[in-house]
There are 2 protein chains.
Amino acid sequence: MPSTGQTIADAAATLGLTADTLRYYEKDGLLLRAVPRDPSGHRRYETADLRWIELVTRLRSTGMPIRDVRRYAELVRAGEGNEHERLALLQAHREEVLRQLAEVTAHLGAIEYKIGSYEDRLLQLERSA
Amino acid sequence: MPSTGQTIADAAATLGLTADTLRYYEKDGLLLRAVPRDPSGHRRYETADLRWIELVTRLRSTGMPIRDVRRYAELVRAGEGNEHERLALLQAHREEVLRQLAEVTAHLGAIEYKIGSYEDRLLQLERSA
DNA sequence: GAAGACCCTGGAGTGCGCTCCAGGTCAAGC
DNA sequence: GCTTGACCTGGAGCGCACTCCAGGGTCTTC
């Protein structure tokens with residue numbers, strides 16, 4: 001009978017992370033549970049683990065700090081009854097992401113203007129050459 | 001005759017940075033020139049300095065690493081003749097920013113979906129209460 | 001039963017981008 | 001002439017998020 005679930009190497013490849021990062025997330029309390037082990041003590045990631053970590057990577061890559069992800073994980077681990085707090089945490093993050101998107105977009109506009117002016121200048125030079 | 005230009009405190013306030021950060025940028029080669037000093041050795045930021053630093057903050061807050069900003073500053077300091085390289089640097093940054101915006105936007109979509117499901121769940125609870 | 005591949009733990013190390021001193025100079029106000 | 005406050009320099013320190021060992025176990029393959 002083959003062990004169920006993915007090895008840490010497979011999970012890392014699936015999720016686009018490294019094995020070190022997966023161990024670090026677990027040690028740091030970002031996961032919902034200790035990842036189950038096979039008889040020799042190696043981690044076997046199950047679908048539920050992978051799905052949760054996928055959410056973690058989404059929160060992380062939208063800029064949520066580790067400590068907030070941990071807080072959210074704590075709330076989920078605590079079980080039903082704190083849905084308002086979870087929602088508030090996600091909504092606050094959403095607002096922050098929207099703020100950042102707006103800021104980056106605005107700055108990008110100014111940078112693209114500068115790119116345009118370089119392109120124009122180089123075009124002029126070519127034409128006059 | 002009053003000294004011309006802004007003090008470091010004023011410049012920091014104008015730009016939304018700290019005095020420490022301004023000194024750090026200068027020491028690290030992100031500026032186009034050593035900021036001019038008043039007779040007692042204090043920095044006086046002139047309009048040209050402030051405008052350049054404003055560009056630096058735009059590059060920084062769209063995620064360009066310090067070392068790339070420094071590289072761009074070096075090109076501009078080197079004077080005319082490297083416009084292609086400057087343009088390439090900015091274009092590469094633009095592509096990276098667009099990639100990130102797309103990624104964040106996609107992840108945000110998934111997070112908003114989750115927010116929606118919490119809102120629905122809480123609404124159900126209220127209704128049944 | 002030796003070699004190689006994979007995994008384990010605890011803990012140290014790294015890169016980035018600031019941020020914060022300590023100790024000192026200088027100009028203005030009382 | 002003394003305090004106060006803003007600024008100076010060089011350099012140490014910090015928070016974050018990993019990343020990288022050293023030393024050791026286990027499983028498979030030959």
Side-chain angles (χ1 to χ4, degrees), chain A residues 1-31 34-46 49 53 56-73 93 96 100 103-104 107, chain B residues 1-31 34-46 49 53 56-73 93 96 100 103-104 107:
Chain A
M1 181 177 101
S3 269
T4 179
Q6 291 193 32
T7 65
I8 195 167
D10 291 344
T14 302
L15 293 161
L17 300 171
T18 67
D20 273 319
T21 300
L22 285 174
R23 290 192 204 97
Y24 163 67
Y25 281 179
E26 184 175 347
K27 191 163 27 169
D28 231 47
L30 270 58
L31 306 194
V35 176
R37 306 299 178 108
D38 70 12
S40 64
H42 293 190
R43 291 173 179 80
R44 307 300 310 222
Y45 290 82
E46 295 176 8
D49 301 303
I53 299 168
V56 168
T57 65
R58 282 207 260 262
L59 295 173
R60 288 289 304 121
S61 68
T62 50
M64 183 184 284
I66 293 275
R67 96 184 74 87
D68 292 358
V69 179
R70 182 167 45 233
R71 176 78 189 129
Y72 183 63
H93 179 56
E96 178 59 22
Q100 286 240 13
E103 185 189 326
V104 169
H107 286 323
Chain B
M1 178 178 103
S3 269
T4 177
Q6 291 194 33
T7 66
I8 195 166
D10 291 345
T14 302
L15 293 160
L17 300 171
T18 68
D20 273 318
T21 300
L22 285 174
R23 291 193 204 97
Y24 163 67
Y25 282 177
E26 183 174 347
K27 190 162 30 168
D28 229 47
L30 270 57
L31 306 193
V35 176
R37 307 297 179 109
D38 69 12
S40 65
H42 293 190
R43 291 174 179 80
R44 309 299 308 223
Y45 291 81
E46 295 178 7
D49 301 303
I53 299 168
V56 169
T57 64
R58 283 207 259 263
L59 294 173
R60 289 288 305 122
S61 69
T62 50
M64 183 183 284
I66 293 273
R67 96 184 75 86
D68 292 357
V69 179
R70 181 166 47 232
R71 176 78 189 129
Y72 184 64
H93 180 55
E96 178 59 21
Q100 286 240 15
E103 186 190 325
V104 169
H107 285 324

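All chains are named by letter (A, B, ...) in the order of the sequence lines, taking the proteins before the strands, and each is independently numbered beginning at 1.
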d([atom1], [X]; [atom2], [N]) in whole Å:
X	N	atom1	atom2	answer
A/Leu22	D/dC20	CG	P	14 Å
A/Leu59	D/dC16	CG	C1'	17 Å
A/Asp38	C/dC8	CG	P	8 Å
A/Gln6	C/dC7	CD	P	11 Å
B/Asp28	D/dG11	CG	P	15 Å
B/Asp20	D/dG10	CG	P	14 Å
B/Glu26	D/dT9	CD	C1'	12 Å
B/Ile8	D/dG5	CD1	C1'	15 Å

Exercise for the section: Quick one: label A/Ala19 by what it contacts on the DNA or RNA (base, sugar-phosphate, nothing), any heavy atom closer than 4.0 Å. Expected result: nothing
Exercise for the section: For B/Pro39, report the nucleic acid contact type (base, sugar-phosphate, nothing); a contact means any heavy atom under 4.0 Å. Expected result: nothing
Handout entry: A/Thr62 and B/His107: CA distance, side-chain angles, deciding distance, side chain to side chain donor-acceptor pair (under 3.5 Å) verdict
Key = CA-CA 7 Å; A/Thr62 50; B/His107 285 324; over 6 Å; no
Output the single nucleotide from [options] whose closest atom is nearest the side chain of [X].
X	options	result
A/Thr7	D/dC21, D/dA17, C/dC7	C/dC7
A/Ile66	D/dC27, D/dC18, C/dG11	D/dC18
B/Tyr24	D/dT9, D/dC18, C/dT19	C/dT19
B/Lys27	D/dG10, D/dC16, D/dC27	D/dG10
B/His42	D/dC8, C/dG10, D/dC27	D/dC8
A/Thr21	C/dC7, D/dC18, D/dG11	D/dC18

Can you find a side chain N or O atom of [X] that sits less than 4.0 Å from OP1 or OP2 on [N]?
X	N	result
B/Arg43	D/dC8	yes
B/Arg44	D/dA6	no
B/Tyr25	C/dG17	no
B/Arg67	C/dG17	no
B/Arg23	D/dG11	no
A/Arg37	C/dT9	yes

Exercise for the section: Please determine if B/Arg71 and B/Asp68 form a salt bridge, counting it only when a charged side-chain N lies under 4.0 Å from a carboxylate O. Expected result: no
Problem - A/Tyr45 and A/Leu15, any side-chain heavy atoms less than 4.5 Å apart - result: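 No. Closest side-chain heavy atoms not under 4.5 Å.
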Practice task
Would you check if B/Arg44 and B/Thr7 make a side-chain contact, meaning some heavy-atom pair closer than 4.5 Å?
Solution key: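 Side chain of B/Arg44 against side chain of B/Thr7, heavy atoms only: contact under 4.5 Å found.
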Handout entry: Between CE on residue A/Met64 and CZ on residue A/Arg58, distance to nearest 0.5 Å
Key = 13.0 Å
Practice task
Work out which heavy atom in A/Val35 is nearest to a heavy atom in A/Arg43; give both atom names and the distance.
Solution key: CG1-CB, 3.9 Å
